[in-house]
Undergrad: 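Structure below; questions to follow.
Both counts, for ligands and for their atoms, begin at 1 and track the order of listing. Here the structure is a predicted model, which means the values were calculated and not measured.
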Amino acid sequence: MKNIIIATKNQGKVKEFQAMLAPLGYQVQSLLDFPDSIDVEETGQTFEENSILKAEAISKQYQLITIADDSGLEIDYLNGEPGVYSARYAGPEKDDQANIDAVLKKLENVEMNQRKARFVCALALSVPGLKTKTVVGTCEGYIAKERKGQGGFGYDPIFCIDSTGKTMAELTKEEKNQISHRADALRKIKELMK
Ligand SMILES: O=c1[nH]c(=O)c2ncn([C@@H]3O[C@H](COP(=O)(O)OP(=O)(O)OP(=O)(O)O)[C@@H](O)[C@H]3O)c2[nH]1
Ligand SMILES: [Mg+2]
């Protein structure tokens, strides 16, 4: 059994990593299992920079192989917002429902053909003593006019996937974990872990 820490406190991310890495023989732990983990400030300008900050701090603290995920939503009409501020878009409380309301309000009366967006996921792999490696995964779509579906987390209820027209929250866990930005990034990082 191979152990790996995912440097996140986001329960939604943890569940997805567990589902995607368990079949490969990885035992996944997260910062929810390490209550004394240091709080890493996300001061980077990009998803990649933030993922490196989180992965390096945690692999240094515990001397263990660590993957960190920094992710979010880029909306073309809003010049890439909320971007690295996705978790805190409506304030420091990181409230998913308030974040969705903030996006819907900014896109009020904006036509469907101008609601293009993508989810982005940067993963950083930090192994004690080695140089940190990063990958970026994406999932293209557009912002719905209202919430649909109960699955997933974050902005999933308003993110429509190009290929299906369904929101991420209307997919099964298995379907999301095939097509998501996180799945795309994980496929790329698995190549680097071989
Ligand atoms: O609908 C969504 N489906 C997803 O699959 C997804 N992945 C990321 N996000 C959003 O982007 C923020 C990340 O911010 P983030 O990377 O800083 O994570 P976080 O602060 O929640 O936890 P941590 O990993 O930093 O501990 C999160 O809060 C979410 O709002 C998603 N939304
Ligand atoms: Mg965060």
Side-chain angles (χ1 to χ4, degrees), residues 4-20 28-35 37-59 61 66-75 78 80-104 117-124 126 134 136-144 147-161 166-186:
I4 200 151
I5 301 189
I6 309 291
T8 181
K9 292 181 184 153
N10 182 316
Q11 183 84 61
K13 291 184 187 176
V14 176
K15 285 192 187 145
E16 292 181 10
F17 279 110
Q18 279 169 340
M20 291 189 277
V28 172
Q29 287 184 295
S30 75
L31 299 185
L32 302 173
D33 305 304
F34 292 85
S37 70
I38 50 173
D39 220 356
V40 185
E41 238 189 295
E42 295 175 19
T43 52
Q45 303 290 306
T46 63
F47 296 114
E48 232 170 332
E49 281 170 29
N50 282 335
S51 69
I52 294 170
L53 289 174
K54 293 189 270 192
E56 290 188 345
I58 298 301
S59 74
Q61 183 179 7
T66 304
I67 290 178
D69 167 319
D70 201 70
S71 44
L73 183 61
E74 289 180 349
I75 300 172
L78 302 177
E81 274 187 27
V84 290
Y85 302 105
S86 292
R88 311 159 258 168
Y89 199 42
E93 308 78 22
K94 296 206 210 169
D95 180 331
D96 285 344
Q97 297 312 321
N99 288 338
I100 288 178
D101 286 337
V103 165
L104 289 179
R118 72 201 50 77
F119 272 132
V120 181
C121 173
L123 296 180
S126 176
T134 59
V136 178
T138 55
C139 179
E140 295 290 331
Y142 54 94
I143 304 300
R147 292 168 169 83
K148 272 190 291 172
Q150 303 296 324
F153 67 96
Y155 296 93
D156 282 342
I158 56 163
F159 185 84
C160 284
I161 301 127
K166 284 184 182 174
T167 68
M168 277 275 200
E170 290 181 298
L171 302 183
T172 64
K173 293 187 191 83
E174 292 74 22
E175 287 169 335
K176 180 177 176 187
N177 289 340
Q178 284 290 325
I179 61 141
S180 76
H181 48 315
R182 189 158 293 108
D184 185 31
L186 206 54

Undergrad: Side-chain contact, heavy-atom cut-off 4.5 Å: Lys176 with Asp156?
TA: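 Result yes, sub-4.5 Å side-chain heavy-atom pair found.
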Undergrad: With no hydrogens and no angle check, is any side-chain donor or acceptor of Thr167 less than 3.5 Å from a backbone partner on Lys148?
TA: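 Confirmed, Thr167 side chain pairs with Lys148 backbone.
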Undergrad: Which residue supplies the protein heavy atom nearest to atom 5 (O) of ligand 1, what is that atom called, and how far is it?
TA: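 Sorting protein heavy atoms by distance from atom 5 (O) of ligand 1 puts Lys176 NZ, 2.8 Å first.
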Undergrad: Pairs of nitrogen or oxygen atoms closer than 3.5 Å, one from Asn99 and one from ligand 1: do any exist?
TA: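 By distance alone, the answer is no.
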Undergrad: May I ask you to say whether Asp101 pairs ionically with Arg147, meaning some side-chain N is under 4.0 Å from a carboxylate O?
TA: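 Salt bridge present between Asp101 and Arg147.
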Undergrad: Under a 4.0 angstrom heavy-atom cut-off, which atoms of ligand 1 come close to Gly72?
TA: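 Those of ligand 1 that fall under 4.0 Å from Gly72 are 11 (O).
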Undergrad: If the cut-off is 4.0 Å to any non-hydrogen atom of Asp69, which atoms of ligand 1 fall inside it?
TA: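 Every atom of ligand 1 under 4.0 Å from some heavy atom of Asp69: 16 (O), 24 (O).
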Undergrad: Without swapping roles, check the side chain of Asn50 against the backbone of Gly44 for a donor-acceptor pair under 3.5 Å.
TA: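 Indeed, once roles are kept as given, a pair shorter than 3.5 Å links the two residues.
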Undergrad: With no hydrogens and no angle check, is any side-chain donor or acceptor of Glu16 less than 3.5 Å from a backbone partner on Arg182?
TA: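 No; zero donor-acceptor contacts below 3.5 Å.
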Undergrad: I'd like to check Val14 versus Ile6 (side-chain heavy atoms, cut-off strictly below 4.5 Å). Are they in contact?
TA: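 Of all side-chain heavy-atom pairs linking Ile6 with Val14, none is under 4.5 Å.
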Undergrad: Find all atoms of ligand 1 within a distance of less than 4.0 Å from any non-hydrogen atom belonging to Ser86, and give their numbers and elements.
TA: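 In order of number, 11 (O), 12 (C).
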Undergrad: Would you call Arg88 a ligand 1 contact, heavy-atom distance under 4.0 Å?
TA: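 For ligand 1, residue contact (heavy atoms, under 4.0 Å) with Arg88 is absent.
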Undergrad: Quick test: of every protein heavy atom, which one is nearest to atom 18 (O) of ligand 1, and how far off is it to 0.1 Å?
TA: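 Sorting protein heavy atoms by distance from atom 18 (O) of ligand 1 puts Lys13 NZ, 2.9 Å first.
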Undergrad: With a 4.5 Å heavy-atom cut-off, do Val103 and Tyr89 have their side chains touching?
TA: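 In short, these two side chains touch, coming nearer than 4.5 Å.
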Undergrad: Where does Met168 meet ligand 1, judged by heavy-atom distances below 4.0 Å: at the side chain, the backbone, both, or neither?
TA: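 No part of Met168 is near ligand 1 at this cut-off.
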Undergrad: Can you tell me the protein heavy atom closest to atom 10 (C) of ligand 1 and the distance?
TA: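 For atom 10 (C) of ligand 1, the nearest protein heavy atom comes out as Tyr155 CD1, 4.0 Å.
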Undergrad: With respect to the Mg ion (ligand 2), what is the nearest N, O or S atom of Glu42?
TA: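 It is OE2 of Glu42.
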Undergrad: Which of the atoms in ligand 1, numbered in the order shown and given with their element, are less than 4.0 Å from a heavy-atom of Asp70?
TA: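 Reading through ligand 1 atom by atom, the close ones are 15 (P), 16 (O), 17 (O).
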Undergrad: In terms of residue, atom name and distance, what is the protein heavy atom nearest to atom 8 (C) of ligand 1?
TA: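 The closest one turns out to be Ser71 OG, 3.1 Å.
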Undergrad: Given 3.5 Å as the limit, does a donor-acceptor pair link the side chain of Lys54 with the main chain of Asp69, or not?
TA: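 Yes, the answer is positive, given that a donor and an acceptor are paired below the 3.5 Å cut-off.
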Undergrad: Distance alone, cut at 3.5 Å: any donor-acceptor contact between the side chains of Asn10 and Thr8?
TA: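 Side-chain D/A pair, Asn10 to Thr8: absent.
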Undergrad: In the protein, which heavy atom is nearest to atom 26 (O) of ligand 1, and how far is it?
TA: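 Answer, as residue, atom name and distance: Lys9 N, 3.0 Å.
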Undergrad: Okay, side chain of Asp70, backbone of Glu48: is any donor-acceptor separation there less than 3.5 Å?
TA: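 Side chain of Asp70 to backbone of Glu48, a donor-acceptor pair under 3.5 Å: no, none is there.
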Undergrad: Distance to 0.1 Å, residue and atom name: give those for the protein heavy atom nearest to atom 7 (N) of ligand 1.
TA: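 Minimum-distance protein heavy atom for atom 7 (N) of ligand 1 reads Arg182 NH2, 2.8 Å.
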Undergrad: I want to confirm something. Looking only at heavy atoms, which of Asp156, Ile158, Asp96, Ile100 is nearest to atom 3 (N) of ligand 1?
TA: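 Answer by nearest heavy atom: Asp156.
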Undergrad: Decide side-chain contact (heavy atoms from CB on, under 4.5 Å) for Arg118 and His181; before the verdict, give the C-alpha distance in whole Å, the side-chain angles of both, and the deciding distance to 0.1 Å.
TA: CA-CA 9 Å; Arg118 72 201 50 77; His181 48 315; over 6 Å; no
Undergrad: Starting from atom 20 (O) of ligand 1, which protein heavy atom do you reach first, and at what distance in Å?
TA: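 Nearest protein contact, heavy atoms only, for atom 20 (O) of ligand 1 is Lys94 NZ, 2.8 Å.
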Undergrad: Please check: side-chain N/O of Ser86 versus main-chain N/O of Leu73, any donor-acceptor pairing under 3.5 Å?
TA: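 Answer holds: yes.
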Undergrad: Contact between ligand 1 and Phe159 is defined here as a heavy atom of the residue under 4.0 Å from a ligand atom; is it met?
TA: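 Checking ligand 1 against Phe159, which is what was asked, there is no heavy-atom contact under 4.0 Å.
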Undergrad: Is there side-chain contact between Phe17 and Ser30, with at least one heavy-atom pair below 4.5 Å?
TA: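 Not touching, per the 4.5 Å side-chain cut-off.
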Undergrad: Can you find an N/O atom of Glu16 closer than 3.5 Å to an N/O atom of ligand 1?
TA: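 Between Glu16 and ligand 1, no N or O pair is found under 3.5 Å apart.
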Undergrad: May I ask you to check if any N/O/S atom from Asp70 comes under 2.8 Å of the Mg ion (ligand 2)?
TA: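 No - counting backbone and side chain alike, Asp70 has no N, O or S atom under 2.8 Å.
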Undergrad: Which residue holds the protein heavy atom closest to atom 24 (O) of ligand 1, what is that atom called, and what is the gap in Å?
TA: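 Residue, atom and distance for the closest contact: Thr8 OG1, 2.6 Å.
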Undergrad: Once you restrict to heavy atoms under 4.0 Å, what part of Phe153 touches ligand 1? Side chain, backbone, both or neither.
TA: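 Under 4.0 Å from ligand 1, Phe153 contributes backbone and side-chain atoms.
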Undergrad: Give the numbers and elements of all ligand 1 atoms closer than 4.0 Å to a heavy atom of Lys54.
TA: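 Taking each heavy atom of Lys54 in turn, ligand 1 has 16 (O), 17 (O), 23 (P), 24 (O), 25 (O) under 4.0 Å.
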